[in-house]
Amino acid sequence: MTFVQIVNDTDELVISDRGITYGYIGRAQLFGVAQAGGGSITKTPGQSVYTIDWAGDIVVALPVKANGTTALRNISKSGNTWTINVHKGNGAFDANGFDIQESTEVYVFGAPVLVPGFTAALYADDTSVCADLTRQPLTYRARINIAAGTLSWGMPSGVAIPAIVGTPMDYNVTSVRDGAFYIIRNQARGWQLVAGTVQRNIFQNRWRREDGGASAVDTIRQISAILIDASGLA
């Protein structure tokens, strides 16, 4: 039995016939940007929406920027079209505390899917495809590991365009009296670049008006993610 493994200059495994290598398939296309909306009882956040066509599974990397918070909200697939919903604040807020949304780059890596015609690929013993060798593989610049209760992580030097695979799953709830009612704000966290560090920054995820208060909640979980350098990804 033959094993095939390819490593980079720092001796990190990049491609192997023992697993799946995700290759860069391009930037998702912007479908639209929507700002926060809703009525007098419940308000919901805005987001930007992107699409990309790929038959296999995908991994999304989002750039970390200094002007606002970035978070992957969710992804879904219909046929071969993936829809990617992103929170990207521009640093400003509306009257209800929601981030003003703007578009951003969305880098997408796909599980190998071969199409008819000439290509270069690596196969496993069971003939399943492990890697499309014509595409730039997903490789990490560093592993992000942030302990529970910790908000920042020191980014290594030399990263031209930092982008992250992974999103914090933290949440926060505040309750403020408003006359006979309470304003309840549900908040989440995303990534922001702050003075050379990656910061998990808070953003408002939901606003509602109720006739009872809510206990304060502030959960900051341990998180692991992957930092990549997106320079050169067109």
Side-chain angles (χ1 to χ4, degrees), residues 28-52 58-79 81-106 108 146 148-152 163-194 198-225:
Q29 297 298 306
L30 177 66
F31 181 79
V33 178
Q35 302 301 331
S40 60
I41 303 300
T42 301
K43 302 181 190 300
T44 54
Q47 63 182 10
S48 50
V49 181
Y50 308 80
T51 61
I52 193 167
I58 64 170
V59 169
V60 174
L62 297 176
V64 188
K65 299 184 177 181
N67 71 323
T69 305
T70 302
L72 177 64
R73 299 190 64 86
N74 55 67
I75 63 175
S76 60
K77 186 183 183 186
S78 177
T81 300
W82 290 91
T83 299
I84 303 165
N85 298 320
V86 175
H87 173 99
K88 174 58 182 78
N90 70 356
F93 307 92
D94 69 12
N96 297 303
F98 288 101
D99 287 9
I100 302 298
Q101 298 293 301
E102 66 178 6
S103 63
T104 188
E105 299 80 19
V106 177
V108 185
I146 308 178
T150 302
L151 295 178
S152 63
I164 293 180
V165 178
T167 293
M169 299 300 293
D170 310 328
Y171 64 93
N172 185 50
V173 179
T174 65
S175 175
V176 178
R177 181 176 284 279
D178 181 29
F181 301 94
Y182 288 85
I183 302 300
I184 314 298
R185 300 178 190 271
N186 292 67
Q187 298 166 323
R189 292 185 190 272
W191 303 115
Q192 186 169 0
L193 197 60
V194 180
V198 173
Q199 185 96 17
R200 43 178 168 179
N201 197 31
I202 204 163
F203 66 90
Q204 186 164 289
N205 199 38
R206 192 165 182 251
W207 181 105
R208 65 189 188 277
R209 194 170 185 232
E210 296 182 351
D211 58 2
S215 300
V217 176
D218 192 4
T219 300
I220 305 174
R221 298 184 173 98
Q222 185 275 339
I223 183 173
S224 296

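Note that the coordinates shown come from a computational prediction; the quantities given were computed from them, not determined experimentally.
- When every heavy atom of S152 is checked against every heavy atom of I146, the shortest pair comes out as O-CG2, 4.3 Å.
- To the nearest 0.5 Å, atoms CG (L151) and CD (Q199) are separated by 5.5 Å.
- In plain terms, the two heavy atoms of A71 and L62 that are nearest each other are C-CD1, 3.8 Å.
- Separating the OG atom in S103 from the CD atom in Q47 is a distance of 13.5 Å, to the nearest 0.5 Å.
- Heavy-atom neighbours of Q29 CD from other residues, nucleotides or ligands within 6.0 Å: at or below the threshold of 12.
- With hydrogens and angles disregarded, a donor-acceptor distance shorter than 3.5 Å links the side chain of Q101 to the backbone of K88.
- Heavy atoms of other residues, nucleotides or ligands lying less than 6.0 angstrom from CG of D211 number 12 at most.
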### Message
Evaluate E102 against N90 for side-chain hydrogen bond (donor to acceptor under 3.5 Å, both in side chains), listing each step before the verdict.
### Response
CA-CA 6 Å; E102 66 178 6; N90 70 356; 4.7 Å; no
TODO: Would you please test D99 and F93 for side-chain contact (heavy atoms from CB on, under 4.5 Å) and show each step?
DONE: CA-CA 5 Å; D99 287 9; F93 307 92; 2.9 Å; yes
Show, in sequence, the C-alpha distance, side-chain angles and deciding distance for Q192 and T69, and conclude whether the side-chain contact (heavy atoms from CB on, under 4.5 Å) test is met. CA-CA 5 Å; Q192 186 169 0; T69 305; 3.7 Å; yes
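- Residue T150 holds its OG1 atom at 12.0 Å from CD1 of I223, rounded to the nearest 0.5 Å.
- If you run side chain to side chain donor-acceptor pair (under 3.5 Å) between N186 and each of R208, Q204, R206, only R208 comes through.
- Within the 4.5 Å cutoff, the side chain of W191 has heavy atoms near those of the R200 side chain.
- Looking only at side-chain heavy atoms (C-beta outward), T51 and W82 stay at 4.5 Å or farther from each other.
- Of the listed residues (R189, R185, Q187, R73), just one forms a side chain to side chain donor-acceptor pair (under 3.5 Å) with N205, and that residue is R73.
- Considering OG1 of T70 and CZ of F203, their distance stands at 9.5 Å, rounded to 0.5 Å.
- Put simply, the side chain of V59 does not reach to within 4.5 Å of the side chain of V108, judged on heavy atoms.
- Between the side chain of T167 and the backbone N or O of L72, at least one donor-acceptor pair lies under 3.5 Å.
- Formation of a donor-acceptor pair under 3.5 Å by the R221 side chain with backbone atoms of M169 is found in this model.
- With contacts defined as side-chain heavy-atom distances shorter than 4.5 Å, the pair I84/I58 qualifies.
- When atom types are taken as modelled, the side chain of Y50 and the backbone of T104 share a donor-acceptor pair closer than 3.5 angstrom.
- Shown here for A225 and G166, the closest heavy-atom pair between the two residues is CB-CA, 4.3 Å.
- Between D170 and T219, every side-chain heavy-atom pair lies at or beyond the 4.5 Å cut-off.
- Between the side chain of N201 and the backbone N or O of G190 there is no donor-acceptor pair closer than 3.5 Å.
- Counting heavy atoms from C-beta outward, D94 and I100 have side chains that approach closer than 4.5 Å.
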